[in-house]
Novice: 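Once you've had a glance at the structure underneath, I'll fire off some questions.
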Amino acid sequence: MIQVRFVVWKDRFLVLADCLTLLSADDPLSHVLDTRWGGFFTWHMLMVLISGVSCVLIFPRVAAGIAADGTGGRVGGFFESILVYLRDQVTRPFLGEEGDRYLPIVWTFFFFILFCNLLGMIPVVGRTATANINVTAALALVSFVLYHSIGIKKHGFVHYLMNNLLVGPWYLWPLMVPIEIMGHLIRPCALAIRLFANMVAGHTMLAVILGFTVVLTKSALVLGSTITAVSVSAAVALSFLELLVAFIQAFIFTFLTTVFLSLAVQSEH
Amino acid sequence: MGAGIGAGLAAVGAGIGIGRLAGSACESIARQPEASGDIRGAMLLTAAFVEGVALFAVVVCFLIQSGIMGLVKGTAA
């Protein structure tokens, strides 16, 4: 009798371990690696589309709510606190009062990247679009074209080049020009790789830690159950960390874009 | 093997950097508790930058290990 009960309990425990792994993903790395369906479309394309459509649908309603009665209710108040924080702590210190005209793109960068990151945290159906180097490279390219074109439009092309490349005393210009060119080219690459690597690293670590449960529980029950308990609690803690990293990385991308924009727009002296 | 050593050294670099950052942030909060909000914000921001640098190194290690883009020269010239 006791042996029958033990066998039944062991089977139920194995089913639980399988369910835990399924809850996090179909296979552990599926949030990060992309798969095609329909020959051309991929999950990451769908996630980018969902994020963009969410932004387009949410924010006009928030703006209408705020314009109607000044507070916009709880949802309006929530978004307004983030938007005002981005305006007062990020845009205005670098760009001044006249930088308010750049607020829409700053807000768009932040919320688009945030929604992409957060969609990847949804258990079964979510995929992280920003864990794809193509998506982050596209975002960095948009940011690069944005601040350079705003700078060129404000200063004129030749003047803009002179301000940015010819820094320091005149005898150092042959040394400074290649360094400045490389610096300007590396900045969007750093933006793209920073966001991409943070998302991929987070999800990969989650996959590896949850993979311990499946591998060990199928072979050795007692050791596997201990390690399952440890790795599930580690996975919970890591998931909270990843939620934090989602917000922080969206903020860092936006903050750096604003800083580069302020560097492009500033007048010499 | 080089990729593994590189990734480990990147983790060491991130650990040292973020450890020093957190240490000086705690010390400055202890000196001036009313600035703790600003210090906490600055600490999170700069921790993300330090971690970004470490993750650049991890990405390079992945590229070395996977050998795409012709980065691994297996045979001698």
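Letters A, B, ... are given to chains in the order of the sequence lines, protein chains preceding strands, and every chain is numbered from 1. Not measured: the values here are computed from a predicted model.
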Novice: Using a 4.5 Å heavy-atom cutoff, which residues in residues 15-24 of chain B come close to chain A?
Specialist: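 Listed by number, there are no contacting residues, so the answer is none.
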Novice: Determine which residues belonging to residues 75-97 of chain A lie within contact range of chain B, meaning some heavy atom pair is under 4.5 Å apart, and list them by number or answer 'none'.
Specialist: none
Novice: What is the distance from atom CD1 of A/I186 to atom CZ of B/F56, rounded to the nearest 0.5 Å?
Specialist: 9.0 Å
Novice: Using non-hydrogen atoms and a 4.5 Å limit, figure out which bit of A/L195 sits close to chain B: side chain, backbone, both or neither.
Specialist: neither
Novice: Is it the backbone or the side chain of A/I193 that comes under 4.5 Å from a heavy atom of chain B, or both, or neither?
Specialist: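 Both backbone and side chain of A/I193 come within 4.5 Å of chain B.
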Novice: So does B/F49 have more than 12 non-hydrogen atoms from other groups sitting under 6.0 Å from CZ?
Specialist: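 Check passes, neighbour count above 12.
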Novice: To check you understand the geometry: which heavy-atom pair defines the closest contact between B/G52 and A/R194, and what is its length?
Specialist: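 What the structure gives for the nearest pair is CA-CG, 4.0 Å.
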Novice: Which answer fits B/V59, side chain, backbone, both or neither, if we ask what part of it has an atom under 4.5 Å from a heavy atom of chain A?
Specialist: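 Side chain of B/V59 only, per the 4.5 Å heavy-atom cut-off to chain A.
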Novice: For atom CE of A/M176, is the number of surrounding heavy atoms from other residues, nucleotides or ligands below 6.0 Å larger than 12?
Specialist: yes
Novice: If you count heavy-atom pairs under 4.5 Å with chain B, which of A/V245, A/I252, A/L244, A/L256 comes out on top?
Specialist: A/I252
